[in-house]
Number of protein chains: 2
Amino acid sequence: MATVATRRRTNKARRGESQEKILDAAEALLATHGFNGVSIKDIATAAEVDASLLHYYFATKAGLHAAVIARRADEVNASRLASMQRYAETAAGHFTVEGVLRAYLEPTFAFVRTPDAGRLSYLTLIAQLNSTPTGVIPGAEVTPFDPVIQVFIKLLREASPASSDEDLYWFYHMLSGAISVSWARTGRIDRLSGGLCRSDDFESIARHMIALFAEGLTRDRAGGGVPSADRR
Amino acid sequence: MATVATRRRTNKARRGESQEKILDAAEALLATHGFNGVSIKDIATAAEVDASLLHYYFATKAGLHAAVIARRADEVNASRLASMQRYAETAAGHFTVEGVLRAYLEPTFAFVRTPDAGRLSYLTLIAQLNSTPTGVIPGAEVTPFDPVIQVFIKLLREASPASSDEDLYWFYHMLSGAISVSWARTGRIDRLSGGLCRSDDFESIARHMIALFAEGLTRDRAGGGVPSADRR
DNA sequence: ATTAATTTATTGATCGACCAATAAAGTTGT
DNA sequence: ACAACTTTATTGGTCGATCAATAAATTAAT
């Protein structure tokens, strides 16, 4: 019953701005409180529309969540892909880990370097999604970013030919963790550092993230030592 | 009113095992579904007790959450501290980033190298907490791990004297992200790597995490210079 | 040592509030 | 008139929490 998805067949619908208002409000609230921490009514109130309207456009709460994710996915993927293609042409044959890393990360940080506050919420939402077990959040089964991430890893492979595929994937695993906690803006590092670092200082975050992980993969082969052995 | 906290003045209270059963069930369910994804009734059902009993012992849902966190905090802190103290004595004056990193991380990985499945849930819960904005999860305002983390950073400072405090705190920020996503066991890297990596392969995770971050901080100054000489 | 008093543990019933979702009626623009 | 949009009204269900009543164990009094 009800296969509603995006509706709006004719773009004549001037009043369709309600849909955007709903998506904006949902984006902000879902990013902050998570799927189960927000009600349809909360979102409707923030969007200044009636709660039933959310069901009219998105059928279910999970459908709304999926629509929020889908809205900006293409833009993010396209900018990442374009940046990496640009780098691949520029540095053809002379890839460095730092260069590839920067090419992948830069568009994302540029994405929030705008007045559009919704974009920041969006990345927070995606990050929150990436650190949640699959299946516990309804409407989040799709993974629209994976193909582009595979391209990123392919470039990394060329930049660091000595790294095994396992190394590369674990590298991305650690990187995705650092990215997630960064977009989450928990305020934790602020308190821990006594105000020396600020969770919303994305320029510093980008700088340290690139430097740290570039060196990490360049030098790390993870095979050498670490035979665990020492228990207690 | 009930100012219930731990009760049990005389340890005679044989029936106190209900409390443990509740904490065990809450630990597992909260780790998987998050605070707002689980109901009091869910936990009571899993613990095979009446829902009212949760209120009797912990007053509120937030109180139960706080109790779950508090239960194992001392053990985690003590093992981390002991490991770092042991390292400080052994390697006195010759700290390395890898050594300090290993001393801090190893007890946590050892913590789940036991038949007690609850410990794994516990770390998942803590990790989930660390990547959630402060204030959105009731009963999670306390931060029982920060003091020991400060000790970790103090040792790092000695191991990498060329790093600024800002570098060190951002380093911990990135590390905490990698740790969080690891304990979250999202299954994401499994799918991305086509089964090459497994989210629950903590031995591989520990190996790559230590190697990656050890090299990252050793070489990274985030500014550009690379004055260090210290390697293992 | 038995009983009475008190504390601790557990249950069941119930509250009002809120939840997501549905159906139907109304409104608007074309 | 028609179709997209929006509101009103209402559904059945679940939420966290409270309370009175009871059961069991512990302590105190005799």
Side-chain angles (χ1 to χ4, degrees), chain A residues 1-26 29-30 32-68 136-140, chain B residues 1-26 29-30 32-68 136-140:
Chain A
M1 50 192 82
T3 56
V4 190
T6 31
R7 284 295 163 87
R8 181 175 31 181
R9 307 207 301 228
T10 74
N11 55 4
K12 263 292 196 58
R14 304 268 303 167
R15 293 282 167 71
E17 57 191 29
S18 290
Q19 213 174 141
E20 297 288 312
K21 276 176 28 178
I22 293 169
L23 287 171
D24 287 342
L29 289 175
L30 288 171
T32 308
H33 300 96
F35 185 81
N36 290 312
V38 186
S39 71
I40 292 273
K41 200 176 181 181
D42 290 338
I43 298 171
T45 301
E48 295 179 306
V49 301
D50 191 276
S52 291
L53 204 54
L54 311 214
H55 286 107
Y56 172 72
Y57 280 120
F58 309 104
T60 66
K61 190 183 179 183
L64 170 58
H65 190 227
V68 170
V136 313
I137 299 184
Chain B
M1 287 274 174
T3 55
V4 189
T6 29
R7 282 300 161 87
R8 182 175 25 183
R9 308 206 302 227
T10 74
N11 54 5
K12 268 291 195 61
R14 305 267 302 161
R15 292 281 166 75
E17 55 191 31
S18 290
Q19 217 173 138
E20 298 285 314
K21 276 175 30 176
I22 293 169
L23 288 171
D24 287 342
L29 289 175
L30 288 172
T32 308
H33 299 97
F35 185 81
N36 290 311
V38 186
S39 71
I40 293 271
K41 200 175 181 183
D42 290 338
I43 298 170
T45 301
E48 295 176 306
V49 302
D50 191 275
S52 293
L53 202 54
L54 309 215
H55 286 109
Y56 171 72
Y57 280 120
F58 309 103
T60 65
K61 190 183 179 185
L64 171 57
H65 190 226
V68 170
V136 314
I137 299 183

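In what follows, chains carry the letters A, B, and so on, assigned in the order in which the sequence lines appear, proteins first and then strands, with residues in each chain numbered from 1.
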Inter-residue atom distance B:F58.CZ - B:L23.CG, 0.5 Å rounding: 4.0 Å
field: Interatomic spacing from NE2 in A:H33 to CZ in B:F35 - rounded to 0.5 Å
entry: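 One finds 12.5 Å between NE2 of A:H33 and CZ of B:F35.
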Could you state the atom-to-atom distance from [atom1] of [X] to [atom2] of [N] in whole Å?
X	N	atom1	atom2	result
A:K61	C:dC18	NZ	P	15 Å
A:L29	C:dA20	CG	C1'	16 Å
A:K21	D:dT6	NZ	P	9 Å
B:I22	C:dT8	CD1	P	17 Å
B:L64	D:dC15	CG	C1'	15 Å
A:E20	D:dC5	CD	C1'	15 Å
A:K41	D:dT8	NZ	C1'	14 Å
B:F58	D:dA17	CZ	C1'	16 Å

message: Run B:T45 and B:D42 through side chain to side chain donor-acceptor pair (under 3.5 Å) and show every step you take.
response: CA-CA 5 Å; B:T45 301; B:D42 290 338; 5.8 Å; no
query: With distance as the sole criterion, do the side chain of A:S52 and the base of C:dT22 form a donor-acceptor contact below 3.5 Å?
result: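 Check passes, donor-acceptor contact within cut-off.
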- prompt: Can you check whether B:Y56 has a side-chain N or O nearer than 4.0 Å to OP1 or OP2 of C:dA9?
  reply: yes
Nucleotide nearest [X] (side chain, heavy atoms from C-beta), chosen from [options]:
X	options	value
A:D50	C:dT11, D:dT7, C:dA20	D:dT7
B:H55	D:dC15, D:dT6, D:dA17	D:dA17
B:Y57	D:dA17, D:dC15, C:dA9	C:dA9

query: Does B:K61 reach the side chain of B:I43, with side-chain heavy atoms less than 4.5 Å apart?
result: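 A side-chain contact under 4.5 Å is absent here.
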- request: Could you tell me whether the side chain of B:L54 reaches within less than 4.5 Å of the side chain of B:V49, counting heavy atoms only?
  value: yes
message: So A:S39, base contact, sugar-phosphate only, or nothing? Heavy-atom distance under 4.0 Å.
response: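 Sugar-phosphate, no base atom in range.
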